[in-house]
Each structure stands twice: as structure tokens, then as C-alpha cells.
There are 2 protein chains.
Amino acid sequence: MKALVVDDDRVLADLVSFTLRREGFQVSQAQDGESALRRWMEDQPDIIILDVNLPKTSPPLDGFTICRKIREQSDVPIILLTVREDEDDIVYGLKVGADDYILKPFSPRQLVARVQAVLRRTARGPISSTLQAGKLTLDADRREARCGEQEPVSLTALECRLLEYMMLHAGHILTIQELIDHIWGPGGGSRDMLRQLVRRLRSKIEPDPSSPVFIETIPGRGYGLKRDPGGTP
Amino acid sequence: MKALVVDDDRVLADLVSFTLRREGFQVSQAQDGESALRRWMEDQPDIIILDVNLPKTSPPLDGFTICRKIREQSDVPIILLTVREDEDDIVYGLKVGADDYILKPFSPRQLVARVQAVLRRTARGPISSTLQAGKLTLDADRREARCGEQEPVSLTALECRLLEYMMLHAGHILTIQELIDHIWGPGGGSRDMLRQLVRRLRSKIEPDPSSPVFIETIPGRGYGLKRDPGGTP
DNA sequence: TGAAGTTGTGATAAAGTTGTGACAAAGGGG
DNA sequence: CCCCTTTGTCACAACTTTATCACAACTTCA
């Protein structure tokens, strides 16, 4: 597997390269837009890690432009590196053909997780890895949930597992025992733990956690995600 | 009912098979992708339990691929088995048509619960199951009863069990003992408790609880739901 | 007519659930 | 090694559900 890392920050580029090499990738680097395009054509990488903030060279070639140019000729997976503040960067980046993004700063662990997720996804074709239920969107890979057009909130492993399972069964009630079994496996889990988990999930995704819109309680029975809460956008 | 269990782990496959057989299923097994597809075509199972991690055979046939191939030609319910560690993949499995999934390890109870839930769900479509009797509608899952076009009222566990039982036997008289046994189980319950229960249920669903329209009393014998109260809407 | 039994009703006690907050343990990353 | 996130544990108040009791009205039957 060959990877191309494009970043003008030498330290970051080296860190990314090192991480990917440790995962068995053959890595090449580029510091600016022009050499990035050259490396891409010469090396034919299987995946590209691309920082969107590149130095202004004489012909202005920022990350988005490179991404677009590459995408015009190839379907090679591209992961964008962006800074946390610019939420717009992300939507724009995805629009011009990027497959995924990583917010700086990030951990090596995150990097390999994203890279492998993207490779998995692209290998399987154009199937999105997100679940939908009304206004709720869950990206299980990233463990992020979004409510309508709001900011995505990141979920913990258990929260994600719970929400994913409820979304799969949206409109149906899952009993307390079923949820405990599914989330903690046989022998683990308890009513208390489930109660807390639901509570934490609600506090993250519900507009007003004290009067839930998405997760409904059926006393004595269990919980369920409302079918199509807020209507399909 | 016929079930097909696909898993290369013989021990697990046998455990699953045993559990399902005890539930009255006729079970066939397959250890790899190719034989899975063959068994599927030959046996025409009503449900498939499919491990996603199958051994790499010469034509790579993992669980997802099998699932997709089957789904291209059939709507037979499919439940995926996957290990807790790589549950990231599971969304993909659901996207290619699986109906549900179970994380390994799991308990037999969980397996049975999921299998039956999936069969129930696919049998009746995406809407939760409701009972009808004249103008009365009962959503046992949600424990909600509706009378005509009125607002649904939520029922307690016992109220729901009582109404469900009466609706299943609409038009028939159920003796007091029969009702007590069914609601509280053998040994539990009493005449008084049943009287109170009927009273509370009436106060919730009857337009005028002092002159009941739905639940009739047959003095000395028991209670019954009128066959078609208010006419079929 | 009167006694026995049953039903509907109301009040109230007992038991169980849920949501909540605070805090301890565990585990990973810098 | 310390800090932070995640997860598990506990106790509590508010509330709902269920059980229990008492009593009047009514029916049945001798």
C-alpha cells in the first residue's frame, strides 16, 4: 500500500509518515501543491493525506484545489487535515471530493483509524457509513452524531453502540434486557448502567434532555428511538 | 421454520444451532461462503444467522458479500454475527441489507430474542405491531391504546397485558380465573386485584367508565371485550 | 324477606421505576 | 507520573404502579 502525505509542516508530515510506515505503508511526501501533483502522478499512491493549509506558492495551489484537480482524474481516497475552527472547510472539502477529514491536532491512533476506515469504505464502493433517523445522523465510524444542521457531537464507544442500535430499530421499543445484553454482552451491564448511559446520550443529542424528543421511555419496558422525529429534512 | 447458520467456528455454530433447534427451528449449517450460498438456495431458510468473519477462501466471500448476494435475490431475514472489537464494520453490513446484528460473545437468550424480534418485524413490515378490535387499537410494544381517532393513552404493564389478552379473544367471555392466571401467572393475583385492574383500564379507555362500551361484565363468570364496539372504522 | 355472594368505587399503603447528581474506579495519552 | 475522559456505583426525591382494605349497591336464591 502506498500513501502520499502532503504538508508544508515538516514535523507533522514526518509524524504522519512515520505512523503510516509503522502500519506497513510505503510513504512519499510533498511540501507544496505542485510537488504534490507531481508525486501523485509518479507514485500512484493508494491514499492521500492532504493538509488544506498550504503555503501560497506563485500559482496559488491550496489543499482544496489539489483535491479537486486530483479528483478530476482519479478516485484515489483523500483525507483532509484541517484545523478545528473552520467547520466550513470540512463541508467544502467533502464537496470537492475528499473522502474524509481529520481535525488537527490529532493522535496517531486517530490517523490510522481514519485511514483504515476510508480504505475499507472506498474498497466497498459508494455506500455511506452513516445511519439516519429523522433529523438524527450518526457516523458510526467517527462516532459522531448530528441533529439536523447542528454541530456534530462526539460520542463515546458505549453511547455510540446504544444510539446505533436504537437507530437501526427506530420506531420500535427495545426492552431494558435487550439493550443491556447488546451493549455489555452476557454477564455485564445493569439497569443502573443503562440508565446512566441513556442519560449521557440524551444530554448530548437531545435539545432539551429533560423532555426528550428522540429517545422515548416506556416505563417498565425499555427505550426506543422515535420514528422520524422532527420529520425527514 | 427453517434457519441457516453460517459460521466457520464449529463450536459456535453448534451452539447457535442447538439453541435454535430448542426453539423449534429446523437448522442447517454452512462453514464457508460457498456452501452457505448453496445451502441457502437448496434449503430456502426462513432466517439466516451469518458470521461476518469467515475464512478467506479462494474467491473471497466474506459475510458482507454473502449478505449482499443473497439480498440481491431474496428478502429472507439476515442476522449478522460480529465480534465486539470490529463493530465499525457493522454499519456496512446493515447497509447491504442485514436486518439485525449480534455482537459476540452473546447469550442464547439474546439470540432467541433477536431472531424472534426480526421474524416478527419482517412479517409485518416496518410499523410496530398493533392489535385491532372495532375502534380500539393497541400498540403493545409502546403500551399505548387508542380509541378511534382520539389521543393514545399509555397503559401500564398489567393493563396492557389484560387488554391485549381480551383483544386477542374479542367477543369471547374470559373467566375470572383464566384472566388471573394469564396476567399474574399461576399462584399470583386475586379477585380484588383483577377488579381493580379492570377498573383502571376502563377509566383509561372507556368514554364513560360507569357504563362501559368496550369491556363488558358477565356477572358470576368474568369479563370480555365486545366483538366490534362502535363498528369497524 | 333476608342472607350470601359479587361488583363497582374510593381511599390509602406498599413496592418499584425513573431521572438526577455526586463521586469513585479505570484506562489512555501527553 | 499526572491529567483527563470514560465508565461504573451509590443514594435520593419524585413519581407511577400495584396491592390491600372497607363499604355500598346489587343480584341470586332459598
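Predicted, not measured: the structure shown is a model, and the values here were computed from it. Proteins get letters first, then strands, A, B, ... in listed order; numbering begins at 1 in each.
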Which is it for A:Gln132 and A:Thr137 under the side-chain hydrogen bond (donor to acceptor under 3.5 Å, both in side chains) test, yes or no, and what are the steps along the way? CA-CA 5 Å; A:Gln132 274 265 346; A:Thr137 312; 3.0 Å; yes

Take B:Leu155 and B:Leu162, measure what side-chain contact (heavy atoms from CB on, under 4.5 Å) needs, and give me the verdict at the end. CA-CA 10 Å; B:Leu155 307 176; B:Leu162 171 61; over 6 Å; no

Where do A:Arg221 and B:Asp141 land on the salt bridge (Lys or Arg N to Asp or Glu O under 4.0 Å) test, with the steps shown first? CA-CA 9 Å; A:Arg221 207 172 150 69; B:Asp141 234 29; 3.5 Å; yes

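Contact check of residues 195-206 of chain A against DNA chain C (heavy atom, cut-off under 4.0 Å) returns A:Arg195, A:Gln196, A:Arg199, A:Arg202. Listed by residue number, the members of residues 151-174 of chain B with any heavy atom below 4.0 angstrom from DNA chain D are B:Thr156, B:Ala157, B:Leu158.
For the residue pair A:Asp14 and A:Gln29, a side-chain donor N or O sits within less than 3.5 Å of a side-chain acceptor on the partner. Inspection of the A:Arg202 and A:Thr217 side chains reveals an N or O donor paired with an N or O acceptor under 3.5 Å.
Listed by first and then second residue, the salt bridge (charged side-chain N to carboxylate O under 4.0 Å, His left out) pairs involving residues 165-183 of chain A are A:Glu178-B:Arg114, A:Asp181-B:Arg109 (not counting sequence neighbours).
Applying the salt bridge (charged side-chain N to carboxylate O under 4.0 Å, His left out) criterion to B:Glu87, with sequence neighbours excluded, gives A:Arg161.
Between the B:Lys135 side chain and the B:Arg146 main chain, no donor and acceptor come within less than 3.5 Å of each other. Counting only distance, with no hydrogens or angles, the side chain of A:Arg191 and the backbone of A:Ile176 share no donor-acceptor pair below 3.5 Å. Remark: side-chain polar atoms of A:Gln31 are not paired, donor with acceptor, to backbone N or O of A:Arg10 under 3.5 angstrom.
Under the 6.0 Å cut-off for aromatic ring centres, A:His182 and B:Tyr101 qualify, their centroids lying closer than that.
OP1 or OP2 of D:dG8 sits under 4.0 Å from a side-chain N or O of A:Trp184. Taking side-chain N and O atoms only, B:Tyr223 has no distance below 4.0 Å to OP1 or OP2 of C:dT6. For B:Ser190 and D:dA19, the shortest distance from a side-chain N or O to OP1 or OP2 is not below 4.0 Å.
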Within the sub-3.5 Å range, which N or O atoms of nucleotides 26-30 of chain D have a protein N or O partner, and how far apart are they?
none

Give me, pair by pair, the N or O atoms of the protein and of nucleotides 25-30 of chain C that are less than 3.5 Å apart, along with how far apart they are.
none

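Per the geometry, CD1 belonging to A:Ile183 stands 15 Å off C1' belonging to D:dT6, to the nearest Å. Rounded to whole angstrom, the span from the CE atom of B:Met193 across to the C1' atom of D:dT17 amounts to 12 Å. To the nearest angstrom, P of D:dG8 lies 11 Å from CD1 of A:Ile180. To the nearest angstrom, C1' of C:dT20 lies 15 Å from CG of A:Leu194. Atom CZ of B:Arg191 and atom C1' of D:dT20 are 16 Å apart (whole Å).
Of the two residues near DNA chain C, A:Arg221 and B:Pro212, the one whose nearest nucleotide lies more 5' is B:Pro212.
Few gaps surround CZ on B:Arg84; more than 12 heavy atoms of other groups in view lie less than 6.0 Å from it.
At least one cation-pi condition fails for A:Arg120 and B:Tyr92: the charged atom is not both under 6.0 angstrom from the six-membered ring centre and inside a 45 degree cone around its axis.
Within the model, atoms CG of B:Leu94 and CG of B:Asp89 stand 11.0 Å from one another, a figure rounded to the nearest 0.5 Å.
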